Student: 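Shown below is the structure under consideration.
Computed from a predicted structure; not experimentally measured.
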Amino acid sequence: SDVAASHDAVIGTAVDQEREDELRREMHATIKKVTEDMSGGSFAFNTAIAALMKLNNSCILAAQNGVKRETLAEVVATIASLLLPFAPHVASEVYHQLTGEHVWKQPWPVADEAWLHLDTAGVAFRVDGRKRGRLAVGRGGRDGGRSRVRGRGRPDGREKAGREGR
């Protein structure tokens, strides 16, 4: 029973590529975090479980807002793989339902470093000390992207309305 291909290709309202990319980036960050927490003798179970819970919450939001079914299935299968040391019975059942395979026969997930580096940064802007919104700004350049922020307003005009509403 391949859940990833069993229904519509999209879950939620409509696919948003930025949302898909953010979910994949968060998946790879979680793989890295759980792997680090479980290796080196530290065995930081609580922070590993917290990272898995955070990724699970991101999956729920992505499913509500629009994501490809195959992407969501991949992320949930990864959560099941990472959950195996903590809750083996639940993890193996979820993984088997999603993929038809046994999780204990699969290699440990490996984080893709390319997904861990952001190409954009979120920058909050304020008017009169009150937060009015966020901008996604590309990184790079000699000044770290600052020149792209200066003089740039929100396309929806909220910062202008904030200045005029004084």
Side-chain angles (χ1 to χ4, degrees), residues 1-126 131-140 144-145 148-149:
S1 67
D2 187 7
V3 175
S6 63
H7 300 288
D8 296 333
V10 176
I11 299 174
T13 54
V15 173
D16 179 1
Q17 192 60 45
E18 282 185 32
R19 190 176 304 121
E20 293 251 337
D21 290 348
E22 179 58 27
L23 187 60
R24 285 188 185 279
R25 190 203 64 73
E26 191 169 342
M27 177 185 74
H28 288 283
T30 302
I31 292 169
K32 182 177 180 181
K33 173 73 173 143
V34 172
T35 302
E36 289 172 354
D37 286 351
M38 296 301 297
S39 62
S42 65
F43 297 113
F45 298 122
N46 54 347
T47 56
I49 294 292
L52 290 170
M53 290 172 57
K54 183 178 175 187
L55 181 58
N56 183 60
N57 291 339
S58 295
C59 285
I60 292 168
L61 285 173
Q64 291 171 348
N65 296 325
V67 67
K68 290 180 190 168
R69 183 172 293 278
E70 63 188 26
T71 302
L72 190 61
E74 176 189 353
V75 175
V76 173
T78 301
I79 291 172
S81 293
L82 297 171
L83 188 62
L84 186 66
F86 309 105
H89 299 286
V90 173
S92 62
E93 185 64 26
V94 169
Y95 194 89
H96 185 71
Q97 288 293 321
L98 283 170
T99 66
E101 299 176 8
H102 298 291
V103 67
W104 59 85
K105 292 183 179 178
Q106 305 305 314
W108 184 258
V110 177
D112 183 350
E113 291 293 324
W115 281 101
L116 297 177
H117 302 289
L118 295 175
D119 292 335
T120 61
V123 178
F125 67 88
R126 297 175 177 266
K131 183 178 174 187
R132 298 291 181 185
R134 292 183 64 81
L135 292 171
V137 180
R139 293 181 186 235
R148 293 185 196 104
V149 176

Student: Can you find a pair of side-chain heavy atoms, one from Y95 and one from V76, that are under 4.5 Å apart?
Tutor: no
Student: At their closest point, which heavy atom of A51 faces which heavy atom of T30, and how far apart are they?
Tutor: O-CG2, 3.8 Å
Student: List the steps, then state whether side-chain contact (heavy atoms from CB on, under 4.5 Å) holds for E93 with H89.
Tutor: CA-CA 6 Å; E93 185 64 26; H89 299 286; over 6 Å; no
Student: For T71 and R24: C-alpha separation, side-chain torsions, deciding distance, then whether side-chain contact (heavy atoms from CB on, under 4.5 Å) applies.
Tutor: CA-CA 8 Å; T71 302; R24 285 188 185 279; 3.4 Å; yes
Student: Would you call the rings of F45 and F86 parallel, tilted or perpendicular if under 30° counts as parallel and over 60° as perpendicular?
Tutor: perpendicular
Student: Do you know which of R19, Q17, R25 makes side chain to side chain donor-acceptor pair (under 3.5 Å) with D21?
Tutor: Q17
Student: Heavy atoms, side chains only, cut-off 4.5 Å: are L52 and N56 in contact?
Tutor: no
Student: Nearest 0.5 Å, what's the CE-CG distance between M27 and L82?
Tutor: 9.5 Å
Student: Regarding S92 and W104, do their side chains bring together a donor and an acceptor under 3.5 Å, going by distance alone?
Tutor: no
Student: Would you give the length of the straight line joining atom CG of N65 to atom CG of L23, rounded to the nearest 0.5 angstrom?
Tutor: 11.0 Å
Student: Between I79 and C59, which heavy-atom pair has the shortest distance, and what is it?
Tutor: CD1-SG, 4.0 Å
Student: Can you see which heavy atom on A77 is nearest to which on T99, and at what distance?
Tutor: CB-CG2, 4.3 Å
Student: Just verifying a value: how many Å separate K54 NZ and T47 OG1, rounded to the nearest 0.5 Å?
Tutor: 12.5 Å
Student: Roughly how far, to the nearest 0.5 Å, is CG of L83 from CG of L55?
Tutor: 11.0 Å
Student: Could you check whether any side-chain heavy atom of T35 comes within less than 4.5 Å of a side-chain heavy atom of K32, counting everything from C-beta outward?
Tutor: no
Student: State, with a plain yes or no, whether a side-chain heavy atom of P85 is found less than 4.5 Å away from one of W108.
Tutor: yes
Student: If I compare all heavy atoms of A80 with all of A91, which pair ends up nearest, and what's the gap?
Tutor: O-CB, 3.2 Å
Student: Heavy atoms only: give me the nearest A62-V67 pair and the separation to one decimal.
Tutor: O-CG1, 3.5 Å
Student: To the nearest 0.5 angstrom, please state how far the CG atom of N57 sits from the CD atom of E26.
Tutor: 9.0 Å
